[in-house]
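Have a look at the structure below, then the notes.
Letters A, B, ... are given to chains in the order of the sequence lines, protein chains preceding strands, and every chain is numbered from 1.
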Amino acid sequence: MTNLTSEQDKKSLNFIEQIVETDLQQGLNDGRIQTRFPPEPNGYLHIGHAKAICLDFGIAQKYKGICNLRFDDTNPVKEDVEYVDSIKEDIEWLGFRWANVYYASDYFKQLHDLAIRFIKDGKAYVDEQTSEEIAKQKGTPTTAGTDSPFRNRSVEENLDLFEKMTKGEVADGKMVLRAKIDMAHPNMHFRDPIMYRIITSHPHHRTGYQWKVYPMYDFAHGQSDYFEGVTHSLCTLEFEVHRPLYDWYIDQFADSSYRPKQREFNRLNLTYTVMSKRKLLQLVEEGLVSGWDDPRMPTLCGLRRRGYTPKAIRDFVDKIGYTKFEALNDISLLESAVRDDLNKTAQRVAAILNPIKVTITNYPEGTTEPLLAENNPEDPNAGMRRIEFSRNIYIERDDFMENPPKDYFRLSLGKEVRLKNAYIIKCTDIVKDENGNVVEILCTYDPDTKSGMPQANRKVKGTLHWVSAHNCIDAEVRLYDRLFVVENPSDDERDFRSLINPDSKKVMTGCKLEPCLRDAKPMDKFQFIRLGYFCVDKDSKEGALIVNRTATLKDGWKKK
RNA sequence: UGUCUAAUGGUGUAAUGGUAGCACAACAGGUUUUGGUUCUGUUUGUCGAGGUUCGAAUCCUCGUUAGACAACCA
């Protein structure tokens, strides 16, 4: 019987794990497992990267190998140290540790030597055409390309010209080094791919102006993998067509049977958001969001500020899996992952976002009364805390209705409701302003129904949360919702910026919170009872608390 | 009229020739001092057509549909 259970609990392997296990069984690369996470330091990491990180580091962990962090910094025009630091921070926050930090720029010399070897072997040549001419000669996916007039230069001339490029004697864009493969190859990437281009105008964030030529992705990535001893080079599906070239380059110079293996998995797409670095950058630069860490952003720093936990993100990634099918994942799965985690860990606390005053008319004026409240019913070790009751309290405006529908079991005229951890109260009257808006609710309480007393067990349909007017604190609460109004903004013919949800951020001021939140620090997480999960924002100042809504609670009662 | 890849409920994912399962979502009910949590149940699926086989989501053939590739980006 126990056997059966453990059998059922055993999670099936994803296709990458299956490949790894097969490789291990066959003794590939001496049974060594080594992966790498290879971000380009040109932007902030988002949840799509988290999926790659979980796989790269996860595979290494699971199969007792190592995973290195390697910055793919071969294009100084786009890259910056700012991103290097944030990337490291985000990976560590997610809960992963790299064995080593490497940079593709560490290999510039090796790569350059290798390029010279290619030239000497007659496998590379310097082309002096413009990028337009080269593009034109490339052909199309269905028609063959044509050879460059510079394709058959002598080795000596190529060596000489590449040397001039390297020394900075040639202007940007005037020459490139190309691999000499096959301009008619059915795989476009084999049509004499560019290996090196000249960049003298931008300093590299690590090597400054030392280099005038920089390797292209295809000539840098696989070779770096090889230099490092990577066994499984995992990347996303769009690199599938690059794989034959990845293998070709390595086959040209490999001097042993060791081979890194590139395998591709599906990238993460989420509903109601965008994942492309370009679009995220645009949102930031055009001020459509408040920054890379705007809590609506799918960036790791944004999710962190929103109140997401590393565990929630890892659990989510684990649930969506790795396949070769280009999927669009429902954001509600992410939300359920964070609720699941926070439900077990977040302290419960009362907060009134849209307060309305309630006066308990038969409760003595000027007195307060201590009560006990559970910190977390899901965690027996979380303990209790003291709260205080008084004659004047606040409840949520939504928790009172003058003309309620039948299935409304909150407060309304003549009806009873329980105040969480306190008494059962009955609404006796309401006070309206000159416009007819309810401004105050008058109630009586039943002294025999204090929580813990026998009479408190009386059946009452609804339970409301509340705060006492005498000691509650004011706060700003920021309510976040999905950033876009359509499921898949990237698949819409309209400009994605016009699809931003105007209600994606609502700022509520004058919210009333339980006094125990007075000393809350940024990143502290709470469940506001009956409302959702919230996280203290870094914008908070002494005495001016700001709280972000991470996610609502699941709502079993939706008003039409 | 190219190369590569893929297609399982609404969404995502498992089943590796032998009972199509899980999660999310939705719905119904039990419990509940959170309309939360939890528990129980329900609805919905193998892209199509052939073939191999005692038996096909799985293998083969031909289609269909979708995605990636024509940056001096990664």
Taking 4.0 Å as the cut-off, does a side-chain nitrogen or oxygen of A:T142 come that near to OP1 or OP2 on B:rU3?
no
Please give the distance between the P atoms of B:rA28 and B:rA68 as a whole number of Å.
40 Å
Tell me: CZ of A:F15 to C1' of B:rA14, nearest whole Å?
15 Å
Looking only at atom P, what distance separates B:rU13 and B:rG18, rounded to whole Å?
22 Å
Within this structure, what is the CH2-to-C1' distance between A:W557 and B:rG29, rounded to whole angstrom?
20 Å
Please determine if a side-chain N or O atom of A:R243 lies less than 4.0 Å away from the OP1 or OP2 oxygen of B:rU5.
no
Quote, to the nearest angstrom, the C1' distance that separates B:rU33 from B:rU43.
33 Å
Just to confirm, is there a sub-4.0 Å distance from OP1 or OP2 of B:rU32 to any side-chain nitrogen or oxygen of A:K459?
yes
Can you run through RNA chain B from 5' to 3' and write each base as (, ), [, ], | or . depending on how it pairs? Watson-Crick or G-U wobble, both distances under 3.5 Å.
.((((((..((((....[..)))).(((((.......)))))....(((((..]....))))))))))).....
What distance, rounded to whole Å, do you find between the two P atoms, one in B:rU46 and one in B:rU38?
31 Å
Plane angle bin for A:Y246 and A:H221 - parallel if under 30°, tilted between 30 and 60°, otherwise perpendicular
tilted
Is A:P38 touching bases, backbone alone, or none of the nucleic acid, heavy atoms closer than 4.0 Å?
nothing
Is it true that A:Y322 and A:E17 share a donor-acceptor pair across their side chains at a distance under 3.5 Å?
no
Could you tell me whether the side chain of A:Q129 and the main chain of A:I134 form a donor-acceptor pair under 3.5 Å?
no
Provide the distance between the two P atoms, one in B:rG36 and one in B:rA26, to the nearest whole Å.
12 Å
Could you check whether A:I529 gets within reach of a base, just the sugar-phosphate, or nothing at all, counting any heavy atom under 4.0 Å?
base
Value in whole Å for how far the P atom of B:rA74 lies from NZ of A:K78
7 Å
Classify the nucleic acid contact of A:E335 as base, sugar-phosphate or nothing, counting any heavy atom under 4.0 Å across all strands shown.
nothing
When we call it a touch if two heavy atoms are under 4.0 Å apart, what does A:L328 touch: a base, just sugar-phosphate, or nothing?
sugar-phosphate
Verify the contact: side-chain N or O of A:R339 to OP1 or OP2 of B:rU38, cut-off strictly under 4.0 Å; return yes or no.
no
Less than 4.0 angstrom between a side-chain N/O of A:R191 and OP1 or OP2 of B:rA70, yes or no?
no
Name the nucleic acid region contacted by A:I320, choosing base, sugar-phosphate or nothing; use a 4.0 angstrom heavy-atom cut-off, strictly under.
sugar-phosphate
Using a heavy-atom cut-off of under 4.0 Å over every strand shown, decide if A:G452 touches base, sugar-phosphate, or nothing.
base
Rounded to the nearest angstrom, tell me the gap between atom CD in A:E487 and atom P in B:rG12.
9 Å
At under 4.0 Å between heavy atoms, what does A:F409 touch on the DNA or RNA strands: base, sugar-phosphate, or nothing?
base
Length of the OH-C1' vector between A:Y533 and B:rU34, whole Å
10 Å
Whole Å only: how far is the CD atom of A:Q527 from the P atom of B:rG36?
11 Å
Given the C1' atoms of B:rG17 and B:rU11, what is the spacing between them in whole Å?
29 Å
If the threshold is 4.0 Å, N to carboxylate O, is there a salt bridge linking A:R314 and A:D318?
no
Among A:T552, A:D555, A:T463, A:D399, exactly one meets side-chain hydrogen bond (donor to acceptor under 3.5 Å, both in side chains) together with A:R530. Which residue is that?
A:D399
If you measure only the distance, is there a donor-acceptor pair under 3.5 Å linking the side chains of A:N421 and A:S451?
no
Looking only at side-chain N and O atoms, does A:T323 come under 4.0 Å of OP1 or OP2 in B:rU13?
yes
Give one of base, sugar-phosphate or nothing for A:K174, where a contact means two heavy atoms less than 4.0 Å apart.
nothing
Donor-acceptor pair under 3.5 Å, A:H242 side chain vs B:rA74 base
yes
Distance between C1' atoms of B:rA7 and B:rG45 (Å, rounded)
13 Å
What does A:F239 touch in the nucleic acid at a heavy-atom separation under 4.0 angstrom: a base, only the sugar-phosphate, or nothing?
base
May I ask you to evaluate whether A:N266 reaches the phosphate of B:rU13, defined as a side-chain N or O under 4.0 Å from OP1 or OP2?
yes
Would the distance check show the side chain of A:T449 and the main-chain N or O of A:I424 forming a donor-acceptor pair, the cut-off being under 3.5 Å?
yes
Tell me if the side-chain of A:E378 makes a donor-acceptor pair with the base of B:rG36, cut-off 3.5 Å, by modelled atom types.
yes
Flag as yes if A:Y217 stacks onto the base of B:rA74 (centroids under 5.5 Å, planes under 30°), otherwise no.
no
Considering every strand and a 4.0 Å limit on heavy-atom distances, what is the contact class for A:S336: base, sugar-phosphate, or nothing?
sugar-phosphate
Look up atom CD1 in A:I16 and atom CG in A:D56, then write down how far apart they are to the nearest 0.5 Å.
9.5 Å
Ion pair present between A:R206 and A:D106, side-chain N to carboxylate O less than 4.0 angstrom?
yes
If you measure from the C1' atom in B:rU37 to the same atom in B:rA56, how many Å do you get, rounded?
43 Å
Quick one: A:L268 CG to B:rU11 P, roughly how many Å, whole number?
17 Å
Which comes earlier along RNA chain B counting from the 5' end, the contact point of A:D172 or that of A:A327, where each point is its nearest nucleotide?
A:A327
Of the options A:E326, A:H49, A:E238, which is the one that meets A:R267 in a side-chain hydrogen bond (donor to acceptor under 3.5 Å, both in side chains)?
A:E238
Rounded to the nearest Å, what distance is computed from the CH2 atom of residue A:W466 to the C1' atom of nucleotide B:rU34?
15 Å
Does A:T130 reach a base, just sugar-phosphate, or nothing at all? Heavy atoms under 4.0 Å.
base
